[in-house]
Protein chains: 2
Amino acid sequence: MTLPSSKSDMSLNKRRLRMWIRMLRTTRFVEARLREFLRDNYDTTLPRFDVMAALYRSSDGLKMSELSKLLLVSNGNVTGIIERLVTDGLVLRVNVEGDRRAMLVCLTAHGRKVFEGMARDHEALINDLFAELDDEDLDGLVPVLSRLKAIEDKKS
Amino acid sequence: MTLPSSKSDMSLNKRRLRMWIRMLRTTRFVEARLREFLRDNYDTTLPRFDVMAALYRSSDGLKMSELSKLLLVSNGNVTGIIERLVTDGLVLRVNVEGDRRAMLVCLTAHGRKVFEGMARDHEALINDLFAELDDEDLDGLVPVLSRLKAIEDKKS
DNA sequence: AATTTTTATTTCAAGCATAAAATATTTAAG
DNA sequence: CTTAAATATTTTATGCTTGAAATAAAAATT
C-alpha cells in the first residue's frame, strides 16, 4: 500500500498540465483587468495597445508582416486593427520605398504621446497586479519563462 | 560611478512588467499550438474545448452563469458557444427544476466520448510543449502561480 | 524575356468576445 | 399583495481573430 500521494508524486505530464492550466488562468485574469483598464481610461482595447506598444518600440516603423509575426497574430488581423488606428489618427501607413507590396506602419506624434500615457499607467497596473511577487520570486520565474521562450523558435 | 547593471538591479516594477510580457508571449504561443492541434485533429476550437473540459469535470452539469464565471468569459459568449455545441450534438441543455430562468448544461454521451479523446491528446501535446520543464522547475513555478491565483479572488 | 515561385498584404466568411440593453423570473421590502 | 431589487440568460452592436482565398508585386528559374 502506498502513502498518501503528494504533489511531487504526480506524474510529470500531469504536473505540466496543471501548471499550464494555472498559467493560462492567471494570464486570462490579468488580460481581463488590462482590457477593463484600457476601456475605462483610454477608450481603447488590448489588441490596439499591443500594436501601439510594438510600434513605439521600433523607431523606424514596422511592416505589416513584421507586426503580425511580433504579436503572434494573423496577417488579416493586423490589417483591421491598423485600419482603425489610422482612422483615429494614432498610426500612419506609408509605402515602402522599393517594394510596392509592403506597407510601413508607425505611430503619429499624437499616437506616441497617447501611448506614453497608457504605458505609464499600464506599468503601474501590472506592478499592482503582481505585487505579490518579490525579487526572489522573479529570480525563480524569469529564467524558466526565458527557457520556454526558446521553444517558440525551435518548434515552429 | 556604478557597476554595469545586472538584471537584479532593475527596479521591481520593471522586472514585474518584463515577467508579465514573457508569460503572455508563452501562453499565446501555446494557445496558438493548441488551436492548430484542435482544428487539424478534431475540427474544433479552443473555446469549445474549454467549455467541454469544464462540463466534463462537473458531473452534474453547470448553469450558464457558472460556466462563464469558471472560464472568465462573458455571459453572452457562453450562449453562442453552447448553441453551436448543442447543434453538433455534443452538449445538452435542460431547464433547472424550480428556477425557470436558469439553464443546466452538460455533455451528451457522445460529447463525453469525444472529449476523452481530445483530453488525452491535449495532455500529450502540453507535455511535449513543456518538455523543457522538469520536476525541479515545476517545484519552483507552481507555488508562485498558485499564489497569483489568490489575487483573482482578492481583487475582483 | 517568359514563367514559376515566393513574399506582402487584403478580403472574406465564420466564429469568438465584449459591454450594454432587453427579457424574464425570483427574491426581498414595504 | 404589490412593488422594487436582484438574478439568469439572451440579444444586439461592435470589434477581434482565424484560416483560406484572392490580389499584387518581387525574386528566382528556365
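Convention: sequence-line order gives letters A, B, ...; per-chain numbering from 1. FYI, side chains are in, hydrogens and waters are out, and symmetry mates aren't considered; it's all heavy atoms of this structure.
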Whole Å only: how far is the CZ atom of B:Phe49 from the C1' atom of C:dG15?
18 Å
What is the distance from CZ of A:Phe29 to C1' of C:dA17, rounded to the nearest Å?
18 Å
Starting from P on C:dA19, measure out to CZ on A:Phe37 and report it in whole angstrom.
15 Å
Inspect the contact between B:Arg48 and B:Asp43 and indicate whether a charged nitrogen and a carboxylate oxygen are less than 4.0 angstrom apart.
no
Calculate the interatomic distance between B:Leu85 atom CG and C:dG15 atom C1'; express it in whole Å.
12 Å
Would you say A:Ser65 reaches C:dT9's phosphate, i.e. side-chain N/O to OP1/OP2 under 4.0 Å?
yes
Can you hop from A:Tyr56 to A:Val91 via hydrophobic side chains spaced under 4.5 Å?
yes
Pairing residues for A:Arg28 by the side-chain hydrogen bond (donor to acceptor under 3.5 Å, both in side chains) criterion, not counting sequence neighbours:
B:Glu31, B:Asp50
Which atom pairs link the protein and nucleotides 24-26 of chain D when you take only N or O atoms and keep those under 3.5 Å?
unit_1: D:dA26; atom_1: OP1; unit_2: A:Arg100; atom_2: N; d: 3.0

How about B:Arg15 and A:Asp139: do any of their side-chain heavy atoms sit closer than 4.5 Å?
yes
What's touching nucleotides 16-20 of chain D from the protein side, N or O pairs under 3.5 Å?
unit_1: D:dC16; atom_1: OP1; unit_2: A:Thr45; atom_2: OG1; d: 3.1
unit_1: D:dC16; atom_1: OP2; unit_2: A:Arg84; atom_2: NE; d: 2.2
unit_1: D:dC16; atom_1: OP2; unit_2: A:Arg84; atom_2: NH1; d: 3.4
unit_1: D:dC16; atom_1: OP2; unit_2: A:Arg84; atom_2: NH2; d: 2.1
unit_1: D:dT17; atom_1: O5'; unit_2: A:Asn77; atom_2: ND2; d: 3.2
unit_1: D:dT18; atom_1: OP2; unit_2: A:Ser74; atom_2: N; d: 2.6
unit_1: D:dT18; atom_1: OP2; unit_2: A:Ser74; atom_2: OG; d: 3.3
unit_1: D:dT18; atom_1: OP2; unit_2: A:Asn77; atom_2: ND2; d: 3.2
unit_1: D:dG19; atom_1: OP1; unit_2: B:Arg39; atom_2: NH2; d: 3.4

Report the distance from atom CE of B:Met103 to atom C1' of C:dA24, rounded to the nearest whole Å.
13 Å
Please state how far atom CG in A:Leu38 lies from atom P in C:dT18, giving the value in whole angstrom units.
15 Å
If we only count heavy atoms from C-beta on, is the B:Thr26 to A:Met23 side-chain gap below 4.5 Å?
yes
Grab the CG-P distance between B:Leu67 and C:dA17 for me, whole Å please.
12 Å
Here the distance between atom P of D:dT9 and atom CG of B:Leu71, to the nearest Å, is 14 Å
With the side chain counted from C-beta on, respond yes when B:Arg35 and B:Arg39 share a heavy-atom pair under 4.5 Å apart, and no when they do not.
no
For residues B:Leu107 and B:Leu85, determine if any side-chain heavy atom of one lies less than 4.5 Å from a side-chain heavy atom of the other.
no
Closest to side chain of A:Thr79, choosing from D:dT10, D:dA8, C:dT11:
C:dT11
Verdict with supporting geometry, A:Lys14 and B:Glu123, salt bridge (Lys or Arg N to Asp or Glu O under 4.0 Å)
CA-CA 8 Å; A:Lys14 288 265 186 256; B:Glu123 185 178 324; 2.9 Å; yes
Would you call the rings of B:Tyr42 and B:Phe37 parallel, tilted or perpendicular, where under 30° means parallel and over 60° means perpendicular?
perpendicular
